[in-house]
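Below: the structure, in structure tokens.
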Amino acid sequence: MATRQPDLVLITWSRNPLIPGSARRIISVRIIGNAQPCRPSLRPNGLLNTALACLLDNDIGFKVVFRKKTSRISGYILLQRN
């Protein structure tokens, strides 16, 4: 029997540079495997905090494995579920 591969979600995000303290918005998402039941919150221009709240819920099982700010207003986050 084959070993089940982990689910991965890569999110790139950005803030509005013209509004200090603006919310982080999703620019793009790449899902490898399955991101249910959080798929609806993983959409371009959606709020990053909403997507992370769903993915990091204890019942869902995702964990942040890497995060990086690429500038003062942008970055990316990689999440994994085993």
Side-chain angles (χ1 to χ4, degrees):
M1 189 165 176
T3 305
R4 186 174 185 280
Q5 296 297 311
D7 297 320
L8 299 170
V9 177
L10 177 64
I11 303 171
T12 58
W13 60 268
S14 180
R15 295 180 191 265
N16 184 337
L18 302 176
I19 303 173
S22 63
R24 295 176 293 174
R25 297 248 174 212
I26 296 171
I27 300 300
S28 65
V29 176
R30 174 71 169 129
I31 299 169
I32 300 173
N34 187 358
Q36 291 300 341
C38 300
R39 184 85 182 184
S41 65
L42 297 169
R43 57 181 164 59
N45 206 36
L47 290 173
L48 178 63
N49 285 346
T50 303
L52 289 179
C54 182
L55 292 166
L56 296 174
D57 183 299
N58 290 334
D59 294 336
I60 306 302
F62 278 95
K63 298 205 180 331
V64 174
V65 292
F66 190 79
R67 69 175 62 209
K68 173 96 173 147
K69 284 182 96 173
T70 53
S71 73
R72 190 176 58 80
I73 60 162
S74 63
Y76 57 91
I77 298 176
L78 177 64
L79 299 102
Q80 177 180 336
R81 173 171 58 189
N82 291 325

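Because the structure is a prediction, the values reported are computed rather than measured.
Under the side chain to side chain donor-acceptor pair (under 3.5 Å) criterion, no residue pair touches residues 34-43, with sequence neighbours excluded. Evaluation of the disulfide (SG to SG under 2.5 Å) test over residues 14-54, restricted to residues two or more places apart or in two chains, returns Cys38-Cys54. Sorted by first and then second residue, the salt bridge (Lys or Arg N to Asp or Glu O under 4.0 Å) pairs involving residues 45-70 (not counting sequence neighbours) form an empty list.
The shortest heavy-atom contact between Arg25 and Asn45 is NH1-O, 2.8 Å.
Residues meeting the salt bridge (charged side-chain N to carboxylate O under 4.0 Å, His left out) test with Arg81, sequence neighbours left out: Asp7. Listed by chain and residue number, nothing satisfies the side chain to side chain donor-acceptor pair (under 3.5 Å) test with Ser22 (two or more places apart in sequence, or in another chain). Looking at residues two or more places apart in sequence or on another chain, you find a side chain to side chain donor-acceptor pair (under 3.5 Å) between Asn49 and Arg24. Taking the side-chain contact (heavy atoms from CB on, under 4.5 Å) definition, one finds that Asn82 meets it with Pro6, Gln80, sequence neighbours left out. Listed by chain and number, the residues in a side chain to side chain donor-acceptor pair (under 3.5 Å) with Thr50 amount to none (sequence neighbours excluded). Under the rule for a side-chain contact (heavy atoms from CB on, under 4.5 Å), Gln5 has no partner lying at least two apart in sequence or in another chain. For Arg15, the side chain to side chain donor-acceptor pair (under 3.5 Å) criterion is met by no residue, not counting sequence neighbours. Taking Ser71 as the reference, Ile73, Ser74 meet the side-chain contact (heavy atoms from CB on, under 4.5 Å) condition, with sequence neighbours excluded.
Side-chain N or O atoms of Thr12 include one that pairs as donor or acceptor with a backbone N or O of Ser28 at under 3.5 Å.
The hydrophobic cluster containing Leu52, built from Ile/Leu/Val/Met/Phe/Trp/Tyr side-chain heavy atoms closer than 4.5 Å, also comprises Val9, Ile11, Trp13, Ile26, Val29, Ile31, Leu42, Leu48, Leu55, Leu56, Ile60, Phe62, Val64, Ile77, Leu79.
Note that the OH atom of Tyr76 and the OG1 atom of Thr70 stand 7.5 Å from one another [nearest 0.5 Å].
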